[in-house]
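This report refers to the structure that appears directly beneath it.
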Amino acid sequence: MNRDTIKKREISGRIKVDRDKCIGCLGCMSACIVSHDGHSPRNRVVISSDKVSSPIFCQNCDLPECTYTCMCGAMHIDPATGFVLYDADQCGSCYMCVMGCPYGVLRMNKIDGKISKCDMCVSDRNGQPQCVDRCPMGAIAVERGVQA
Amino acid sequence: MKKVQTTCNYCSLSCNLDFYVENNEIVKVLPTSGYSVNDGFACIKGLNLDKQLTRHKPSPQPRIKKPDGTFEIVSWDDAISSTAKKLLEIKEKYGPESIAALSTAQMPFEEMALFSHLIRGYMKGNCDANTRLCMATSVFAHRGAFGFDAPPYALKDFEISDTIIFIGANPVVAHPAIWNRVKKSGRPERKIVVIDPRKSETAQQADYYYPLKGKSDIKLFYTLANYLIEKGWIDNNYIRSYTDGFSAFKAFVADYKLENVKAETGLEPEQVKELAELIHNGKAVSLWWTMGVNQGYEAVRTAQSIINIALMTGNIGRPGTGPNSLTGQPNAMGSRLLSNQAILPGGGDYDNIIRRAACATAMGVPDWMLPDKPTLTYNVIVEKINAGEIKALWVVHTNPRHSWTNNETFQKAMEKLDLLIVNEIYDDTDTSAACDVFFPVVPALKKEGTFINTERRLSALRPVLEREPYEHSDFEVFLKMGEALGMGELLNKWRTPRDVFNIMRQCTRGMPADFTGVDYDGIVGTKGIQWPFREGETLTDNDRRLFENGVYYTPNMRAKFVFEKPMADPLPVSKEFPYIFNTGRGTVGQWHTQTRTREIDAVQDAVSQNAYCLIHPGLASGLEIGEGDKVEITSINGESAVFEVRLTDTVQEGEIFAPIHYLETNKLTPSVYDPISKEPSYKTTPVNLRKVG
């Protein structure tokens, strides 16, 4: 995918975090592991230089570097939802997306060597991101109808 | 790929986890779906148990400190025989009570029982456990009120209760799977109440929050009791039918007037009235406490003041009710019931002839092998080491150099000992790093046995991974040591964890915690079973609570109101030490002294590497302290330590809070204990502070 050819798109939702509410409990990471069958979590939490817990989630970027750097089309924009989705079957495990992600949130999945990429829990039986459901502090929400 | 269901050995919930294993490597970890406690959810610690011993892995053979202070790896046979020889020499020279041990609630109860069989039974030394640091208070509170150490609830009560009151408890951080159940129940009429000096993470989510002064909860509950009585909001039928001592209690609390409550607790009379109304209007009120209550200088009476509220309002023995103590460690209940430290295995005092006979028969030993008194308590063991009376100490899966209150006293103790033995999975903890004999034992992922969780549920621990050459379990170390000490046929019935399970099961026969109906292998792969579960019984309900029939374990089968005039604070704040130093758990990902959770990258990325404290902006501005500054906190115990500052209005102006996961924190806590339980008073230390950077 060429970044010059990408069109503006509607995204069904984007994870939004209120850092002031985050307590660094890592419940979002646990939820992610559980809802993705024990695979490496698709999010992470770091402690910032100002000592604040800072959750990092895939932003389904307006201009997603992971899709530009992907040489196999594994990282792609889903036309129905606007989400950046990942097709492991097409992935060549070159990890260019990992290097390209400006948030450093993509990582290798420890189980199969592919990529752990947030899919907004589209495959979860509960139907919405489990990090949102499991956050005890209400720090994580889905911002709906985002124009990218 | 093989799937093994086993028990998580971090916190007291003892969640079950499924480990998927291929070629003796863990591929993934998932919470066991349908398991009673955590049904498909687990916190970040449990889900990362596969990281254990991946970064820090000692030699699988023992390490001995040589006379010149250097270390040497030796064979198991040599280490056990030389250590046994030294233990016997010390016993011969200084007497049996010169030998002591500090055990743990982090291992299967079969191992605890075997360990006490050696130390308490055969060697006639003393053996306490780290449960003294967290749950001893609840043990004595239950025994006084119910006649037996019996937490009455099922965790399912969280889903049923319409009024959940947390007292000195912070399940959002300490028991995430429980909080998940509270949230999941989603009952719109449910009220969540938090009573805590600190606006904890749970308090921030509560419908009602009462920020009382530290250690004033006993006065709050006496005042609350008096107000409930005055309003007639009590259950006279329950009191009359099932309890003793209410008249005296009523007369006693009459002195606790609303007009005094502000001065005594910091709460307004209207807040107490509101709390009373919440209890009165609730159909199923539950009161839950943990360390905020247990770790105090009059903690037993405080816990009993909570029990009194439940008894007088009839909030016990029904779904969604109860005065409920949440434990801290995965096998605290196993330790309390079966470790042969404060009571005979299964219950009963050491002078109870009938119980002694039952236990001796079950254990296959003569009566002399049973101790004749409770162990010296943790604090006395440390004091006697420093007094030169105890010469040898065996520490098992606990890190007292870090976790013991006023922890510099334990450093002195380590230096004073002739022999310090440590069983650990790591050779570099604050306690194991310089010990004389280090036994590198395998983690729970390679062991078998049984855990009893906070709601009395037995669950199976089964090996996830196969052992590598030379690796030993604690059970094998204890067994070999017993043989080397000359126990001979006294170990005949104690050859395997299964043997010891069956011995312990027999010890509970006819007792309140009778689990003679539980089979060692039968609970593998199940949802676990709560005690009591007697031989011949059929399990029809796996979320059971006690006292539904109003029958208690006291001699007259009635619950007791236990109360006492509150004592004066043994360490009040002063001009020299004007602030209160409070301690507790910092984050979900950090476990106790961080020996294990340091191996989890996800946790290490998210937590501070340095000791820090929470200070109110109002206090900080007066002292010209800013966010990120370093302060030296000086304690009334004579010690001082440096912490990074985080400013927050979740602590009161005169209070400083520090997480327990850093060595500095318990450097400052005092050598003060509840007079009954001997649990340390970790929560209210007078301190001063100054900016140092």
Side-chain angles (χ1 to χ4, degrees), chain A residues 17-57 103-105 107-114 116 121 124-126 128-140, chain B residues 1 17-20 22 25-31 33 38 40-48 50-51 170-174 176-180 182-184 200-202 204-205 585-590 597 600-610 612 627-628 644-647 650:
Chain A
V17 177
D18 183 344
R19 269 193 1 162
D20 291 341
K21 289 183 178 173
C22 178
I23 57 168
C25 72
L26 312 184
C28 51
M29 296 181 75
S30 300
C32 191
I33 294 167
V34 173
S35 65
H36 292 96
D37 194 33
H39 286 217
S40 301
R42 284 126 166 91
N43 55 346
R44 54 201 283 251
V45 180
V46 298
I47 192 157
S48 66
S49 56
D50 55 349
K51 309 295 182 188
V52 176
S53 294
S54 306
I56 302 171
F57 289 83
Y103 295 96
V105 73
R107 58 158 69 95
M108 187 187 80
N109 176 17
K110 64 175 182 177
I111 294 178
D112 57 10
K114 301 284 185 172
S116 276
C121 288
D124 191 274
R125 63 188 159 88
N126 296 298
Q128 73 158 327
Q130 287 303 288
C131 51
V132 176
D133 261 14
R134 301 286 189 178
C135 176
M137 306 305 285
I140 310 170
Chain B
M1 191 160 29
L17 300 166
D18 294 337
F19 289 79
Y20 293 80
E22 202 164 57
E25 287 192 3
I26 299 167
V27 177
K28 62 181 178 180
V29 186
L30 282 167
S33 182
N38 58 309
F41 184 70
C43 78
I44 199 73
K45 298 187 294 294
L47 292 174
N48 279 282
D50 59 327
K51 311 295 188 303
N170 187 15
V172 168
V173 168
I178 281 182
W179 185 254
N180 188 54
V182 171
K183 272 186 66 181
K184 244 176 50 177
S200 66
E201 292 80 356
T202 307
Q204 292 167 41
Q205 299 299 306
R585 199 160 293 190
T587 68
V588 173
Q590 290 167 295
T597 51
I600 307 172
D601 285 344
V603 171
Q604 291 308 305
D605 285 347
V607 303
S608 172
Q609 300 304 309
N610 302 320
Y612 64 93
E627 177 80 27
E644 287 180 2
V645 169
R646 294 192 189 173
L647 300 180
T650 60

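So you know, we letter chains A, B, ... as the sequences are listed, proteins then strands, and number each from 1. Both backbone and side-chain heavy atoms feed into the values below; hydrogens, waters and symmetry mates do not.
When heavy atoms are compared at a cutoff of 4.5 Å, B/Val182 does not approach chain A at all. Contact of A/Asp37 with chain B is made through backbone and side chain together, with heavy-atom distances under 4.5 Å. Both the backbone and the side chain of A/Arg134 come within less than 4.5 Å of a heavy atom in chain B. Only the backbone of B/Ala42 comes within less than 4.5 Å of a heavy atom of chain A; no side-chain atom from C-beta onward does. The contact between A/Cys135 and chain B is made entirely by backbone atoms, counting heavy-atom distances below 4.5 Å. Contacts of B/Glu644 with chain A are made by side-chain atoms alone, with heavy-atom separations under 4.5 Å and no backbone atom involved. For B/Gln205, the part lying near chain A is the side chain, with the backbone staying farther off; criterion is any non-hydrogen pair under 4.5 Å. Both the backbone and the side chain of B/Val27 come within less than 4.5 Å of a heavy atom of chain A.
Interface summary for chain A: among B/Ser608, B/Gly40, B/Ala606, the most heavy-atom pairs under 4.5 angstrom belong to B/Ala606. Per-residue counts of heavy-atom pairs under 4.5 Å with chain A were compared for B/Pro176, B/Gly589, B/Gly586, B/Ala602; the largest is that of B/Ala602.
For the atom pair A/Ile111 CD1 and B/Lys28 NZ, the distance stands at 5.5 Å (nearest 0.5 Å). For the atom pair B/Lys45 NZ and A/Ser30 OG, the distance stands at 9.0 Å (nearest 0.5 Å).
Closest non-hydrogen pair, A/Asp50 versus B/Glu627, comes out as O-OE2, 4.4 Å. Here the closest heavy-atom approach between residue B/Leu30 and residue A/Ile33 is recorded as CD2-O, 4.1 Å. Nearest heavy-atom pair, A/Asp133 versus B/Lys183, reported as atom, atom and distance to 0.1 Å: O-NZ, 3.2 Å. Across A/Arg44 and B/Asp605, no two heavy atoms sit closer than the pair NH2-OD2, 4.3 Å.
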Exercise. Could you please spell out the steps behind the side-chain contact (heavy atoms from CB on, under 4.5 Å) verdict for A/Met137 and B/Val172?
Key: CA-CA 9 Å; A/Met137 306 305 285; B/Val172 168; 4.2 Å; yes
Exercise. Just do the side-chain contact (heavy atoms from CB on, under 4.5 Å) check on B/Tyr612 and A/Lys51 with the steps written out, would you?
Key: CA-CA 10 Å; B/Tyr612 64 93; A/Lys51 309 295 182 188; over 6 Å; no
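When side chains are defined from C-beta on, A/Lys110 counts as touching B/Asp50, because their heavy atoms get closer than 4.5 Å. In this structure the side chain of B/Pro31 reaches within 4.5 angstrom of the side chain of A/Val34, judged on heavy atoms. You'll find the side chain of A/Met29 stays beyond 4.5 Å of the side chain of B/Leu47, heavy atoms only.
The environment of B/Glu25 atom CD is sparse: at most 12 non-hydrogen atoms of other residues, nucleotides or ligands sit within 6.0 angstrom.
Residue A/Leu26 is tested with B/Val603, B/Val588, B/Val607 for a side-chain contact (heavy atoms from CB on, under 4.5 Å); the sole match is B/Val603.
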